A.B. asks: 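Quick one: the structure is below, and I'll ask about it shortly.
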Amino acid sequence: MAGLPVEPLLEIDGKNEEKVEDNNDIYINDNNKQSISKGALPVREESDQVGEREMALPPGSSIHRSGSRPQLDLSKAAIQGNPEERDPTILLPNQSDDISHLALDIGGSLIKLVYFSRHEDQSTDDTRKKTVKERLGISNGNRRSYPILGGRLHFVKFETSKINECLDFISSKQLHCSGIECHHWTSDSTANRNTVIKATGGGAFKFADLFKQRLGVSLDKEDEMDCLVAGANFLLKAIRHEAFTHMEGQKEFVQIDHNDLFPYLLVNIGSGVSMIKVDGDGKFQRVSGTNVGGGTYWGLGRLLTKCKSFDELLELSQKGDNSTIDMLVGDIYGGMDYSKIGLSASTIASSFGKAISDNKELKDYRPEDISLSLLRMISYNIGQISYLNALRFGLKRIFFGGFFIRGHAYTMDTISFAVQFWSKGDAQAMFLRHEGFLGALGAFMSYEKHGLDDLRVHQLVERFPMGAPYTGGKIHGPPLGDLNEKISWMEKFVLKGTEITAPVPMAPPGTTGLGGFEVPSSKGGTLRSDASALNVGVLHLVPSLDVFPLLADPKMYEPNTVDLSDHNELEYWFMVLSEQLPDLVDKAVASEGGTDDAKRRGDAFARAFSAHLARLMEEPAAYGKLGLANLLELREECLREFHFVDAYRSIKQRENEASLAVLPDLLVELDRMSEEARLLTLIEGVLAANIFDWGSRACVDLYHKGTIIEIYTMSRNKMQRPWRVDDFDLFKERMLGSGGKKPPPHKRALLFVDNSGADIVLGMLPLARELLRRGTEVVLVANSLPAINDVTAMELPDIVAEAAKHCDILRRAAEAGGLIVDAMVNTLDSCKENSASVPLMVVENGCGSPCIDLRQVSSELAAAAKDADLIILEGMGRSLHTNFNARFKCDALKLAMVKNQRLAEKLIKGKIYDCVCRYEAAQVEWL
Ligand SMILES: Nc1ncnc2c1ncn2[C@@H]1O[C@H](COP(=O)(O)OP(=O)(O)O)[C@@H](O)[C@H]1O
Ligand SMILES: CC(C)(COP(=O)(O)O)[C@@H](O)C(=O)NCCC(=O)O
Ligand SMILES: [Mn+2]
């Protein structure tokens, strides 16, 4: 099998282990807890260890973009009947019985599974949230009644010939158990007698009895074409970066306008090929098809080359030269082009045509050449028939799905070339990341109750968990249930580390001549394994996410300022993040008490994150369009996957305390100033305090040179105007007016706060206080989950309460905003007092990253935005890496210190520690 990493057998401690990976979890058939090998990364002891350990996410963080892997709601699970009996029935009283878990597409070659796992609901109705809801008038009225309150969609596939493995998988994950009764690890299929699973594809008929027999479930058959179309429409409308073009080795994501999606031609290349003209949801017609499809390539290829797997065959093609077997135009025309009709000498005149004139046997041809010739013949033919059908119906867009494509660059290039060549550029071939899952998704959507079809792009977050960069394999239960097993797998797997870097084949650029198409050159000659080439993550459904309502043009909004499809940029940020990794692991391990368990997790985290980075270096578009914000978020998600709840917890605490100690003096100093001087000092203060950023290597180096207060003072003293971007005068004019005219204060300001310590305490809180003093309501918008040393919404009320001890303005506003309820000893009195103050509130932003994608924010923030007329974005992550170019419907102030030399040069043609104060007034006049 020529070194293929398709179904690797991992040999560890002299034992073979087979594993499988779906796009979330990894399963392993080894239950022995083995001794743990020493990790690649040294883990140092840290002095400021945190005593207590907390494995769960903080209570109250209701936006879970990641976390542990809930499947069924097992809370209050109890054994029903006789506990002595083997495989007793387990009652799951909290598992909603109307959640559909699984849908199948059982095709001629592959079985595709889409299954849903529900989030555990950890939201606690804390007082902050209640008050904020009351203040902002948020009711649950706009929440939907369908049962998806959050959960994840997973995508898995099996070879149809190995249906028993698929049944084992379903059984081990209990995906066939809907309803309140669930049989655990049981072969007793009678328990699921009434369960019905949606299924499409021929196998829904062929294997119905087997499913009944093995799992006790009935298959509810859905029409295959209906499902393909429903799946494609859902993906094209709901998933960002789903469709892309692939020409001459270049992949480009296409933004599909939902209102301009139809009509299109859907070409599903499975075993056979279906061509469907799609005019709307449920409106379609199968206009053509061809029996020369994926099954033909694999079937003929197997006979002709003796390959044992599809991937082996595909990999062979990468080393092939089809001119040894195909008859080219040049062969007929004595090496010349037939330029009159636009055919170059290298154009294939007749696939396999050379075999007729040669006195050769099959054994005389190289399997590599045969495979390539077959691949080109079939891909090109499908591309050509698709074009003809598009032409027949005047369709400009052709979407190709089905697992024949398998994310394979050369296949896509060939199809694109055919469409482009024959349509003279008029029609466009596009591919789908979830290529083979259209039918299964469509079957899933046909369940009536889940309401998936109503979900919008902003309510779906795609995540690529630990297993994503790795190779896939066989299935044998039980699943890797806990973190410990995941870590063990990571430790063992990395011993065979080279397999993770198997490069993805790329077609060389510029290979197309006059209808010609040269031999593909592959980067490395191995094919990325089937499972990791899926390029699909787990879809997290978060119905509570919203588009930030103050974006001027949500359709044009692009959060990332740095696009990592530029390879130099990617290389630079890859290097930065790799270099920071050992230090981050130290912090993370220390934050969990520095125990042996924490060290193991730290090590596994480092390996997992490095693997992601390596994967993305090879194929930057593997996880969809890649920007710097995605990379920074991936790091945080990866930490959470290994249960590092808050790596910078103790640092944040220390810096908060130190800053709160000097706050009273700062407030006194500010209060002595004139209004104008104070405003400038406040903005300077925000910029200066933004230096406390544990995500920047340069800053972390600085922290060794002095105390927090010394660094803060130094930073403030260095504030020299004009800043590199300096709109302060404009902002001042809006705040204080000019020529005797006093503008009205803003009604409500949203302050997107950044770091803990000096940044929030000595920078943003004093600025908030000034706005409150002027009669502007202030909403502090902070992260839902920790990221580096960013302050979270959970932490803010305590910080504000501490600050309020030294300041009446903050105290009254915080009381009015319900932030310091404990202080309201005499409710009646404080109510009277409160009426005099505008409120200071805190809302979570829905993120767990140093950056913010305003297309996906918490509903709480979206509600707070309704009455806001000023936005202040603070910090590099929120206002430079993301949102630097964002336009808003209201006034916006972007404040940051640039703590990275390269970014300073690129973005503001400046240097490290330069500052940005960018003010953009709303389009609408305030007068
Ligand atoms: N691991 C694989 N095993 C078999 N065929 C594969 C594999 N990966 C990709 N293929 C290709 O995908 C085709 C099946 O595509 P798919 O969309 O699943 O169709 P079907 O529903 O007919 O099984 C196969 O005929 C083959 O060309
Ligand atoms: C991660 C960050 C965006 C956080 O910056 P912040 O938003 O806190 O100002 C920033 O630290 C960063 O871009 N660091 C890059 C790495 C470096 O320069 O070392
Ligand atoms: Mn930050």
Side-chain angles (χ1 to χ4, degrees), residues 6-7 105-112 157-162 200-203 224 228 268-274 293-302 309-314 375 378 401-408 411 435-440 472 527 529-531 533-534 562 572-573 575-577 579-580 583 628-629 631-633 635-636 648 689-701 752-757 759-760 782-783 786-791 849-852 873-882 895-904 912:
V6 185
E7 290 174 351
D105 173 6
I106 313 176
S109 307
L110 301 170
I111 304 176
K112 280 74 60 178
K157 71 181 159 77
F158 297 86
E159 286 172 27
T160 308
S161 57
K162 294 174 185 162
T200 190
E224 199 169 335
L228 285 174
N268 192 65
I269 320 178
S271 309
V273 185
S274 280
T296 320
Y297 174 60
W298 178 203
L300 260 182
R302 205 177 67 86
S309 76
F310 177 84
D311 279 6
E312 193 184 347
L313 179 67
L314 201 54
L375 182 65
I378 291 167
F403 269 128
F404 168 69
I405 296 167
R406 203 206 164 285
H408 192 243
T411 306
E435 50 187 18
F437 287 108
L438 308 187
L527 188 71
S529 89
D530 204 15
L534 277 180
V562 179
Y572 173 75
W573 289 105
M575 185 225 16
V576 167
L577 295 186
E579 283 178 4
Q580 287 183 349
D583 191 48
L628 181 54
L631 219 47
L632 291 169
E633 186 174 23
R635 182 170 66 179
E636 301 299 331
Y648 289 82
N690 193 235
I691 202 167
F692 290 96
D693 166 13
W694 283 86
S696 150
R697 200 178 60 179
C699 292
V700 174
D701 288 347
F752 288 77
V753 298
D754 181 7
N755 303 322
S756 306
D759 202 8
I760 178 71
N783 266 21
I788 324 180
N789 60 322
D790 291 355
V791 68
S849 145
C851 300
I852 181 164
L873 285 160
E874 192 231 346
M876 233 167 122
R878 290 164 187 77
S879 69
L880 301 183
H881 291 332
T882 49
L895 298 172
M897 178 187 277
V898 194
K899 292 149 289 191
N900 176 281
Q901 179 66 29
R902 186 183 172 99
L903 193 80
I912 190 162

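Here, residue 1 is the first one in the sequence, and each next residue gets the next number. In this text, all values refer to a predicted model and were calculated from it rather than measured experimentally. In listed order, ligands and their atoms are each counted from 1.
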A.B. asks: With a cut-off of 2.8 Å, does Asp790 place any N/O/S atom under that distance from the Mn ion (ligand 3)?
C.D. replies: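 Coordinating: yes.
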
A.B. asks: Is the cationic atom of Arg406 (NZ for Lys, CZ for Arg) positioned less than 6.0 Å from the six-membered ring centroid of Phe310 and within 45 degrees of its normal?
C.D. replies: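 No, Arg406 and Phe310 do not form such a contact.
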
A.B. asks: Would you say Tyr572 and ligand 2 have an N/O pair spaced under 3.5 Å apart?
C.D. replies: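 By distance alone, the answer is no.
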
A.B. asks: Is the Lys NZ or Arg CZ of Lys112 less than 6.0 Å from the centre of Phe403's six-membered ring, within 45° of the axis?
C.D. replies: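 That pair does not qualify as a cation-pi contact.
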
A.B. asks: Counting each atom of ligand 2 from 1 as listed, which ones have a heavy atom of Asn690 under 4.0 Å away?
C.D. replies: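 Near Asn690, the atoms of ligand 2 are 9 (O).
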
A.B. asks: Considering both backbone and side-chain atoms of Phe404, is one of its nitrogen or oxygen atoms within less than 3.5 Å of a nitrogen or oxygen in ligand 1?
C.D. replies: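 The answer is yes, given that Phe404 and ligand 1 share an N or O pair closer than 3.5 Å.
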
A.B. asks: Which atoms from ligand 2 have a heavy atom of Asp754 less than 4.0 Å away?
C.D. replies: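 By the 4.0 Å cutoff, the relevant atoms are 6 (P), 7 (O), 8 (O), 9 (O).
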
A.B. asks: Looking only at distance, does Met876 have an N or O less than 3.5 Å from an N or O of ligand 2?
C.D. replies: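 Yes - when backbone and side-chain N and O of Met876 are compared with those of ligand 2, one distance drops under 3.5 Å.
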
A.B. asks: Would you mind running through ligand 2 and noting each atom that sits below 4.0 Å from a heavy atom of Ile788?
C.D. replies: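 By the 4.0 Å cutoff, the relevant atoms are 1 (C).
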
A.B. asks: Classify the contact between His881 and ligand 2 as side chain, backbone, both or neither, using a heavy-atom distance cut-off of under 4.0 Å.
C.D. replies: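 Contact part for His881 vs ligand 2: side chain (C-beta onward).
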
A.B. asks: Does some non-hydrogen atom of Trp298 fall short of 4.0 Å from ligand 1?
C.D. replies: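 Trp298 counts as a contact of ligand 1 under the 4.0 Å cut-off.
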
A.B. asks: Using a 4.0 Å cutoff against the non-hydrogen atoms of Lys899, which atoms of ligand 2 qualify?
C.D. replies: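 Listed by number with element: 6 (P), 9 (O), 18 (O).
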
A.B. asks: Ligand 2 and Gln580, any nitrogen or oxygen pair closer than 3.5 angstrom?
C.D. replies: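 Indeed, backbone or side chain, Gln580 has an N or O that close.
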
A.B. asks: Counting only heavy atoms not in Arg302 (residues, nucleotides, ligands), do more than 12 fall under 6.0 Å from its CZ?
C.D. replies: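 Atom CZ in Arg302 is not packed in, count stays at 12 or less.
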
A.B. asks: Considering the heavy atoms of Arg697, write down every atom of ligand 2 situated less than 4.0 Å from one of them.
C.D. replies: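 The atoms of ligand 2 under 4.0 Å from a heavy atom of Arg697 are 17 (C), 19 (O).
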
A.B. asks: Checking contacts here: is it the side chain or the backbone of Phe403 that comes within 4.0 Å of ligand 1, counting heavy atoms only? Could be both or neither.
C.D. replies: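 For Phe403, the contact with ligand 1 is made by both the backbone and the side chain.
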
A.B. asks: With heavy atoms of Asn755 as the reference, note each atom of ligand 2 found under 4.0 Å away.
C.D. replies: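 The list of qualifying atoms is 8 (O).
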
A.B. asks: For Gly402, counting its heavy atoms only, list the atoms of ligand 1 lying under 4.0 Å from any of them.
C.D. replies: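 That gives atoms 17 (O) of ligand 1.
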
A.B. asks: Kindly indicate whether the side chain of Asn690, heavy atoms from C-beta on, has any atom under 4.5 Å from the side chain of Glu874.
C.D. replies: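 Asn690 reaches Glu874 side chain to side chain.
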
A.B. asks: Against heavy atoms of Gly108, which atoms of ligand 1 measure under 4.0 Å?
C.D. replies: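 Under 4.0 Å from Gly108, ligand 1 has these atoms: 20 (P), 22 (O), 23 (O).
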
A.B. asks: Does any N, O or S atom of Asn755, backbone or side chain, fall under 2.8 Å from the Mn ion (ligand 3)?
C.D. replies: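 Checking Asn755: at least one N, O or S atom is under 2.8 Å.
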
A.B. asks: Can you find an N or O of Val576 that's nearer than 3.5 Å to an N or O of ligand 2?
C.D. replies: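 Between Val576 and ligand 2 (N or O atoms, distance only) the closest approach is not under 3.5 Å.
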
A.B. asks: Quick one: does ligand 2 sit under 4.0 Å from the side chain of Asp759, the backbone, both or neither, non-hydrogen atoms only?
C.D. replies: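 It is neither; nothing of Asp759 touches ligand 2.
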
A.B. asks: Students should be able to answer this: which protein heavy-atom is nearest to atom 2 (C) of ligand 2, and at what distance?
C.D. replies: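 Here the nearest protein heavy atom works out to Asp693 OD2, 4.0 Å.
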
A.B. asks: If every non-hydrogen atom of Met876 is compared with every non-hydrogen atom of Ala896, which pair is closest and at what distance?
C.D. replies: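 Minimum heavy-atom separation between Met876 and Ala896: N-CB, 3.9 Å.
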
A.B. asks: Find all atoms of ligand 1 within a distance of less than 4.0 Å from any non-hydrogen atom belonging to Gly107, and give their numbers and elements.
C.D. replies: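 Close to Gly107: 20 (P), 21 (O), 23 (O).
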
A.B. asks: Counting from 1, what ligand 1 atoms have a heavy atom of Ser271 closer than 4.0 Å?
C.D. replies: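 It comes down to these atoms of ligand 1: 14 (C), 19 (O), 20 (P), 22 (O), 23 (O), 25 (O).
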
A.B. asks: Is the distance from the Mn ion (ligand 3) to some N, O or S atom of Asp759 under 2.8 Å?
C.D. replies: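 Of the N, O and S atoms in Asp759, none lies under 2.8 Å from the Mn ion (ligand 3), which means no.
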
A.B. asks: Should you measure from each heavy atom of Asn900, which atoms of ligand 2 turn up under 4.0 Å away?
C.D. replies: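 Contacts of ligand 2 toward Asn900, numbered from 1: 17 (C), 18 (O).
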
A.B. asks: So is there a nitrogen or oxygen of Arg406 less than 3.5 Å from a nitrogen or oxygen in ligand 1?
C.D. replies: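 N/O-N/O distance under 3.5 Å: no.
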
A.B. asks: Are any of the N/O atoms on Arg878, whether in the backbone or the side chain, positioned under 3.5 angstrom from an N/O atom of ligand 2?
C.D. replies: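 Between Arg878 and ligand 2 (N or O atoms, distance only) the closest approach is not under 3.5 Å.
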
A.B. asks: Considering only heavy atoms, does Lys112 approach ligand 1 within less than 4.0 Å through its side chain, its backbone, both, or neither?
C.D. replies: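 Under 4.0 Å from ligand 1, Lys112 contributes side-chain atoms alone.
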
A.B. asks: Which residue and non-hydrogen atom of the protein lie closest to atom 7 (O) of ligand 2, and at what distance in Å?
C.D. replies: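 So the nearest neighbour among protein heavy atoms is Gly877 N, 2.7 Å.
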
A.B. asks: Within a distance under 4.0 Å of any heavy atom of Gly695, pick out the atoms of ligand 2 and give their elements.
C.D. replies: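 With Gly695 as reference, the close atoms of ligand 2 come out as 11 (O), 14 (N), 15 (C), 16 (C), 17 (C), 19 (O).
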
A.B. asks: Using a strict cut-off of 4.0 Å, indicate which atoms of ligand 1 neighbour a heavy atom of Gly294.
C.D. replies: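 Once the distances to Gly294 are compared, the set is 25 (O), 26 (C), 27 (O).
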
A.B. asks: Heavy atoms only: give me the nearest Gly293-Ile378 pair and the separation to one decimal.
C.D. replies: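 Of all heavy-atom pairs spanning Gly293 and Ile378, the closest is O-CG2, 3.8 Å.
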
A.B. asks: Asp754: which N/O/S atom is nearest the Mn ion (ligand 3)?
C.D. replies: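 It is OD1, the N, O or S atom of Asp754 closest to the Mn ion (ligand 3).
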
A.B. asks: Any atom of ligand 1 sitting under 4.0 Å from a heavy atom of Gly295?
C.D. replies: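 Gly295 counts as a contact of ligand 1 under the 4.0 Å cut-off.
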
A.B. asks: Looking only at heavy atoms, which two atoms of Ile912 and Ala904 are closest? And how far apart?
C.D. replies: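 Minimum heavy-atom contact is N-CB, 3.8 Å.
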
A.B. asks: What part of Trp573, side chain, backbone, both or neither, has a heavy atom within less than 4.0 angstrom of ligand 2?
C.D. replies: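 It is the side chain that gets close, since no backbone atom is under 4.0 Å.
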
